[in-house]
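Bear in mind the structure is a predicted one, so any value in this text is a computation, not a measurement.
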Amino acid sequence: MKCQKMSPQIDKPSCLNFKELEELCDDPKRNETRQEVYACLTPTRASFALTARDGDRIYKIVDERGRQIRFRSLDRAMERLSDVPYLYLEPVIH
């Protein structure tokens, strides 16, 4: 799946690396609007793929090589995601 820039009319997710996800979540405007970013974990055969939802925008979270970040267990995902500020910490499992 190729990532592209997101606009409200496009259904395909855009990509963010983990640092960009942290910056998105730590935006000072989030304190004013109280809009949270939601972590979404999609089960695959042997892991959980990470995406994030910010309002009507969906972001595929990728590593430095552009591959979607995956976790072997929910515990590992929750451990890694717990350090991201203003990220809704109860992932939605699709």
Inset, instruction - Using salt bridge (charged side-chain N to carboxylate O under 4.0 Å, His left out) as the criterion, list what pairs up with Glu23, not counting sequence neighbours. - result: Lys19
Inset, instruction - For Asp63, check salt bridge (charged side-chain N to carboxylate O under 4.0 Å, His left out) against everything at least two apart and list the hits. - result: Arg67
Inset, instruction - Any chance you could measure Glu79, atom CD, to Ser73, atom OG, to the nearest 0.5 Å? - result: 8.5 Å
Inset, instruction - List in chain and number order the residues that pass side chain to side chain contact (heavy atoms under 4.5 Å, CB included) with Ser82, two or more places apart in sequence or in another chain; answer none if no residue qualifies. - result: none
Legend entry - Asp26 side chain near Val84 side chain, heavy-atom distance below 4.5 Å: no
Inset, instruction - Starting at CZ of Phe48, measure out to CG of Leu74 and round the result to the nearest 0.5 Å. - result: 4.0 Å
Inset, instruction - Hey, could you give me each pair passing salt bridge (charged side-chain N to carboxylate O under 4.0 Å, His left out) that has a residue in residues 42-54? Not counting sequence neighbours. - result: Arg30-Asp54
Legend entry - Test item: Tyr86 and Glu36 side chains (from C-beta on) under 4.5 Å apart, heavy atoms: no
Inset, instruction - Report the residues that fulfil side chain to side chain contact (heavy atoms under 4.5 Å, CB included) with Glu20, sequence neighbours left out, ordered by chain and then residue number. - result: Leu16, Asn17
Legend entry - Verdict with supporting geometry, Leu24 and Tyr59, side-chain contact (heavy atoms from CB on, under 4.5 Å): CA-CA 11 Å; Leu24 174 70; Tyr59 298 99; 3.9 Å; yes
Legend entry - Between OG1 on residue Thr42 and CG on residue Leu50, distance to nearest 0.5 Å: 8.5 Å
Legend entry - Ile69 and Lys60, any side-chain heavy atoms less than 4.5 Å apart: no
Inset, instruction - Find the distance between OG1 (Thr51) and OH (Tyr38) and round it off to the nearest 0.5 Å. - result: 14.0 Å
Inset, instruction - Could I get the full list of salt bridge (charged side-chain N to carboxylate O under 4.0 Å, His left out) partners for Arg72, not counting sequence neighbours? - result: none
Legend entry - From CD1 (Ile61) to CG (Leu21), nearest 0.5 Å: 4.5 Å
Inset, instruction - Identify the heavy atoms of Pro85 and Glu22 that sit nearest to each other, and give their distance. - result: CG-O, 4.4 Å
